[in-house]
Structures are given as structure tokens and as C-alpha cells.
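Treat the numbers as computed from the prediction; the structure is a model and nothing was measured. Note on naming: letters A, B, ... go to the chains in the order of the sequence lines (proteins, then strands), and numbering restarts at 1 for each one.
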Amino acid sequence: MNEPRPLSIGVDVGGTNTDAVVLDELGAVLASTKQPTTPDVTGGIRASIAEVLAQIGERRHRVSRVMLGTTHATNAIVSRRELGRVAMVRLGAPAATEYPPLSGWPADLTATALAGTSMLGGGHMVDGTPIAPLDRDGILRFLDGLDRFDAVAVAGIFSPSFPEQELEVAALIRSHFGPDAQVFLSQDIGPIGLLERENATALNAALYGVARSVTRALLTVVEEEGLDATTYFAQNDGTLMSLDYAAQYPVLTIGSGPANSIRGAAYLSGVDDAIVVDVGGTTSDLGVLVNGFPRESTLPREIGGVRTNFRMPDILSLAVGGGTVVDPATGRLGPESVGYRIESDALLFGGSIATLTDAAILAGASLGGRSLPNLTGGTRSALRSALGRAHERLEEAVERLSLGRLDLPLVVVGGGAFLVPDDLPGAGTVVRPHHGDVANAVGAAISLAGGRADQMSDVEDREAAIEAASTAAIAKAIQAGADPLQVAVVDVLETPVSYTTRPTVKVSVKAAGPLAHLGAFAPAAT
Amino acid sequence: MVHASPDAPTRERLTSVSAADIAPLAAGCAVFGTGGGGAVYTSQLSTEQALEAAGPVSLVTVDELDADDAVIMMSGIGAPTVGIEMLSSTSQIDALLAGAEAAAGRPITTLMAAEIGGSNGVSPVGWAARLGLKLLDADGMGRAFPEATMIAMNVAGVPCDFAVMADVVGNVVTMRTVDLAWLERHARAVTVASGGLCLGAHYPLTAATAKGAVIEGTVSAAIRVGRALLSSPDPVRAVAEELAAAVLVSGKVIDVARRTEGGFVRGSVTIAGVGADRGRLQRIELQNENLIVLEDGEVLATVPDLVTIVDSETGHAISTEMLRFGQRVSVLAWACDPLWRTERGLELAGPGAFGYDLPYVPFEGAQR
């Protein structure tokens, strides 16, 4: 094939809508659509991809990449559906026996997703000294004694710093149960913090089947459409991973929706440092863009009642959206929302429920040439006061996220963008990028491939440790699909460790790069 | 997650601690940690499980101790960064109790927290439940301090007869040291050899020696503060009222400088005021815990008075290791126990004890 194939399709599966876009080689949006998300996921993906392909006509043959962002894994955990049964192996006994693995899990999740847990000899101290010899027999006895398990999760104490033992255990399990045994290692999932890393690793193992069904759905649609395209998934930190990687580490897709929206907003607006607000039907999600990436949360996050510590974007969600209900008597604002029913329920659309959309129209916004019915003076004043309150909440949220800087631009995206005024106190210039309503899908389409690695080190050797962690992070990014020629370290975090023989520091490095070019599309000059 | 009953009476001393009290206790201990003492979440998890299995722990005052009661303190010693990864073993507390009874030559009946701040305020409740012991409604600091010498019994002149330390592997060390400075030195070496984390039992006390030598009522106080925090729509204000604390500033973290020095994390955090406090800048000096608050070259509060940085939204305390650029925080300060304001108390835990050439100015809760 000699024709260049530089087109990318970005798809974002949200709770209400599945958005899709096609980007050309310069990153211009050639086509976009919003389709309803379907319960089986495939339907919405199929409809949205079919629609954007129809919009670009013959150029469909130039599509070489399809990128998907999805909340499907999150929904599976929250709704306890489609989860596999996980056997959790912890290496480190007698250490940590006061805290049995997964003991903080909600009972219904444990009943659904847990085949059993075991605390066995192994693991390391902070300086690499073994806590106990690795109990190889104990691992096999534990697994052989279980009724049924679909996947094994393994977490060793200080394995992010000393990964060899977990790898040895994976090899042991595969040699005993066969090469297809599903084994998930904590070193691939999260940093230091045993209980949270264990939780995330076990959730990841439970999501194995779910991930496979979504990756298959995407492959099926791509095949049905006759596309010769490589497929990717978006992950929490605004970077992409290959389909194989997503099937192996589905838990890393859990925060990708907000990350995509922030990355897409950055891309469409051309701004690298900004506050981003994505206004939907039910909520406004605000994030911070630092050097083109979403700022990450430093606090543990709960998913479906389970505490985890993998990297997630720092998102502030407000119950302020286009469908947020206004009390016509008092002007009280939400938190209820008519959500996807806005086109039947809001006053503007002939319905009987006053919403923030109606308030914005009353204040002068225009939406599809529609106009409000006659309103009583009381209702008008209630709508005005509610819109004022919504603006105050947005202002407070922007102020909270802006780190004392008053000049950061505010990039406004999402279907409810008209709710944000042009002169929000505390914000710099308000930027409303073209195609901002499908920023999520754009974010999926333009994401970089990334990887992260941690290392403990003597302070004196910290440069060597950063070097080693950088090498590991770059290898992970390339494994996730990054172009080996363009991948670079984008973030280095150092944390001192006290009470050690020698001054010790933990370094955490993130690498990212554009996706490797495919097919006949020639690599960019470097 | 267990929550406090919203109608719980305040200012009342508790006579027992149940599983439902642990979430408030943990939140309160984080506040009393003044930035140190270790993360409370993991301690909360195991302590709740211990109380659910063993039932409530009996909480007694110093006055309620009998002549044949023997009290010992148990605590974790080490690096919080290690503590979130290499967690404690179930057999460590059994080894400590056996070691303490052997060293004391008599049965131990009662546990006490060395410090009410952070995880060390929470875990002893679970340990008492597991070991079947009573818990003293008191602790050795009334907060968290970084060094073993900074303890109320030392202020009161009560000697520490022995200390026992146990690591996660099963090693047990019994130390009979000359004084607390030597104990600190040896305990530190044992902790490092143990991989950065140990559990320890030290300072055996009796009804007679405990009187006037411990900070009383602090378990009840931590639970009250936690209940106020978890049940109020305005948690920062609720916590401040419960502690009779002043809010020194509300703002954003704009700089965090940290370095490891002599086994401690030292540094400072700078907070820029927002809202009504816009334009104000405060710096807080750290050594594991928050030590000194400065604004425009003036000292607003200093050790041994208590300074805690809390999340402005939730009221939850933020430890020095969790401070990050951009966090929105409020700084609380309140007066320490009078024991710490004695000459001996200030010598052990005043600004000079942390290497600052500053006079101690008692913080009396002056509002901004």
C-alpha cells in the first residue's frame, strides 16, 4: 500500500453518549458524532464509528488507528457485573499478617470476585533484604486447594523496588497451571503502598474478562467496517496503551474519561497549562492541565468501595450540568438532573422541569434557535438566581484548582459549555475550542503512549536510580505503543524515605511519546 | 466504613471503645499527629477488625488503676513510607507482651499509647483488644513527637526501666538503657536494622508512677474531635471548636521543600492565603511533624504547642509526607498540655530542642 494512511478515529464511551471523531494527519477534525451508549457497548461503538466513516466517505481507507476511551471497567466494578474470580497471593509473611489482603473490600464484591487469599513467605525489606524465603510450595498448595479461579493476583512487599520475585512466581504458576494461566503482578499496577496496590491488582485480575469483551467489541467493529487499523485504549494519565496491554491491565483505563477530556481540550485549544471544565448534562468535571498532561491526584481513590493507589487525574466534579434541575419557587440548584431526558423534560423543549439550560437561555444563550415558553416572574427570578449560584460554584472550583495563579486560561468543553460565562472571576481568558463538544473523543485520538516506573535508591545514587527508572519507564511506554525514537521522560518525582541505614529516596519516573507510525506512513524526521 | 453516631454526647469521657469509635478515633488521631505519627488508614482497618472480633476495649483513667495494675506503652517506630508497604505482623504484639512481662517480672494488665498522634494513637486500641488488656485513657505526648525523649514521663522525671522491640521477621530485642537519649539511639539502630520499621513496648508504669506523668483523657479527646470532624457540614470549624484551636490561615500550598537529614524528613511548607486571607503568606517548619509557623518574620506558633494542616474542604489532617503543591489547606494551632510548658517540658520539646534559636511564646489561641 503506497497511499499515506494518516487518519485516526477517536471513540469515547461515556455513561450517556458514545462520541467519535476522525482526525487527519495535521490533527484537524474531519468528522464527529454523538451516539447513545448501548448496554452491550458494542452497539454504541458500532453506530458512532459507522457515522464518522460515512461522513468521510472514500477517505475511510486512510484510517490507520482507532483509539478507544471507556468507563466500562469502572461500571463493571461498581455494578459487580462480569467480574472474574481472583486468587490473591501476598508474598511477605510474617510481615503484614495483621492486615490480611483485601480485607477492606465490600462483602458483595468479595462474594462476586474473590476465590481466596493467602499470605505466604517472601517479599523484601526496603533495602532489599528478604523478609522470608519464597514459599513456592505454599503458593501451589493454596491455588490447588481452591474450587475455581479465573486469575491470580500477586503482590510482594516492596516488589515495585525489587520485581524479580513476583516474576518468579508468575513463571512458577504458569509452569504448574499451563502457559494460559492468567497471572497479574502488582509491580505492573501501582507504586509503594501495599494494601492499595494489592486492591488494584486484584481488581485488575477480576476485570480480565470484561477487558477482553471490550477489546473484542472494538476489534469486531473495526473488522466489520473493513478497516486496516491498529487499535488502542486510553489510560488514566492521558496516554494510550495497545489493545494487548489494555487486555492485560484494564484497571488502568478507569480514570481515562476525564483524562481524555482534559487532553482533548488542550489539543483543541492549543493551550498547555490551563484549567479545563467539561460541562455535561449532570456534572461539570474540572481538571488541571500541566505541560499538556492532566495533573494527577496524590490521594488514594475509591473505586466501587475499594481503595486503590494507581495514578488518576485530579478531577473536581460539581453537580452542575445542562440538565441540573432548578426549583422554580426558590431557585434552589440541583443536585438532581434530568440527564439524557433534557430534550423532553426541559422548559425549552416543551417539558415541565426548569433546568440550568433554561436559565442560560433566559440569560441570553442560544440553543438550536429554540425559545422559552412564557414564564412567570417568579420562575424567571428563580432561574436567574440559580444560574448565578451555578456561576459561583464554577468560580469556586476554578479558584480551588488554580494554585493561586490568576492568569491560567479556562478551557470550556462539553455539551453544556454555554453554562460557563465569558467573565468568570478567578479565571484568565475563557477559551471555547471548536469541536469542544466531542473533546473526549479527540483526547482519545491524540493521546501519547506512556509508562511509569518506581525505584528506591540511596540518595547518593539517585541519579543512577532515576536513570534506571527512566529506562524501565521508557521500556513500558514502548511496550504500550510509543515510538522508540520519540519517547521521552516527562515527569520525575522524588520522595525521601526516613529511618533507613543510609539516606534513601524513592524516585518515580513517567515516560511518554507519540505512537509509533504504522503502515506506509513514513516516520517523521527526528 | 463505620461512622460516629451524630448524637454522641461531647466532652464526656468514654469508658469503652468499640469498633464504631475507630473511624472517629482515626480522624482525631490524624489531627493530633500535627503532621506526623504515620498514616491512620491501615491502623484503622486492623483496629476495626480487632474490635469486631474481640469486642469493645475497656477504657480506664489513671485514678481507676489498682495498685497491682501494670501499664506498658506500645507503639510503632519507623518511616511512614516503609509503613505503608511493610505492615506489621500479628505475632509482633505477642512477642512484645511476652518480652515486657519477662522484663517486668509481672503480668501486664493495661496498654497505653506512646503518642495519640497518627497511627500510634489508633493501633494500641486494636492491640489491647487482641491481647485482652485494658486501655489507659491517656498517652505519653498528647500529640506526636519525633523522638523518644519527648515524652511526658520524661518531663515528670519517671525513668524508663526497659524497652522491648520486635521486628516483622520475629526478632525481639530487650534493652535496659541508661536513659531515654541512649534508648533513642539504640532504638533507632534496631529500627534501621529491622528494615525501617519496628513495634516497641516501653515505659512500664503503675498507678503510682503514672499519676501526673501522662497526658490524660486523650483517647476520649481524639474520638470527640473525630466525631466533630465526620459529622459537621463545616469540618474545619467543628474541629477548631472542639480543640479550642485557632485557624491561622486558609490557603493553598505553594511550596514544599523536604530533605532527609539524620533519619528525619526536614523542610518547610509555604501556604498562600485565599479568600479572606488573600495576600498572606505563612511558612511552616517541619521535622516529621509541623514545628513552627512563621508569617512576615513573626513566629505565630511553635512546639510544643500544636500545629496541624488540614484539608480546607474535609477537615482531615494532612501529614507532612502527603503535602503537595496546590493543596487547599487550613492551618490549625492550639495550646499544648501545661506539662509541656514547664521548664523541663520546654527543654525537651521547645523550639531549642529542634535546633531553632527562638524563644517559646505560648500560643493562646489568638484569632487572626
Side-chain angles (χ1 to χ4, degrees), chain A residues 92-100 103-104 119 123-132 157-161 191-197 288 290 295 297-300 302 305 307 309 314 396 399-405 426 456 459 494-506, chain B residues 1 39 41-42 45-46 48-50 77-82 84-93 123 126 130 167-170 188 191-198 251-254 258-265 267 272 274-275 278 288 311-313 321-328:
Chain A
T97 43
E98 203 182 323
Y99 303 86
S103 47
M119 297 186 282
H124 295 93
M125 289 183 176
V126 65
D127 59 359
T129 306
I131 292 171
I157 293 180
F158 277 114
S159 67
S161 301
I192 300 297
L194 180 68
L195 301 182
E196 289 86 358
R197 190 171 75 253
V288 183
V290 183
R295 186 172 82 203
S297 170
T298 51
L299 301 172
E302 274 202 3
R307 202 171 145 106
N309 67 343
D314 186 6
E396 285 164 13
E399 154 88 351
R400 275 186 62 181
L401 290 171
S402 62
L403 317 185
R405 288 183 60 181
M456 303 290 280
V459 167
E494 293 182 62
T495 317
V497 179
S498 45
Y499 289 95
T500 46
T501 343
R502 299 152 63 83
T504 300
V505 67
K506 184 183 91 178
Chain B
M1 195 68 52
Y41 171 74
T42 42
L45 200 68
S46 77
E48 277 170 354
Q49 284 164 7
I77 308 162
T81 314
V82 173
I84 61 171
E85 182 70 18
M86 190 178 74
L87 306 169
S88 48
S89 146
T90 45
S91 54
Q92 275 176 288
I93 54 169
S123 293
R130 288 181 206 269
D167 69 11
V168 294
V169 177
R188 196 160 268 285
T191 301
V192 168
S194 302
L197 207 66
C198 265
K252 288 173 192 143
V253 176
I254 60 163
R258 270 185 291 240
R259 60 193 186 279
T260 307
E261 198 177 287
F264 293 114
V265 177
V274 298
R278 186 165 283 171
N288 289 24
D311 183 299
S312 289
E313 192 82 359
E321 301 221 344
M322 290 302 289
L323 285 168
R324 296 286 186 278
F325 183 83
Q327 281 167 339
R328 214 177 118 105

Exam field: side chain A:Thr97 to backbone B:Thr90, donor-acceptor pair closer than 3.5 Å: yes
B:Leu45 vs A:Ser103 side-chain heavy atoms within contact, under 4.5 Å: yes
Student check: side-chain heavy atoms of B:Gln49 and A:Tyr99 closer than 4.5 Å: no
B:Ser46 and A:Glu98 side chains, donor-acceptor separation under 3.5 Å: yes
Student check: side-chain heavy atoms of B:Leu87 and A:Leu195 closer than 4.5 Å: yes
Under 4.5 Å from a heavy atom of chain A, the part of B:Ser194 involved: backbone
B:Asp167 side, atom CG; A:Met125 side, atom CE - distance, nearest 0.5 Å: 5.5 Å
Nearest atoms (heavy-atom pairs only) where B:Ser89 meets A:Pro94: CB-O, 2.9 Å
Residue part contacting chain B, namely of A:Ser159, when any heavy atom lies under 4.5 Å: backbone
Distance, nearest 0.5 Å, that separates CG of A:Leu194 from CD of B:Glu85: 5.0 Å
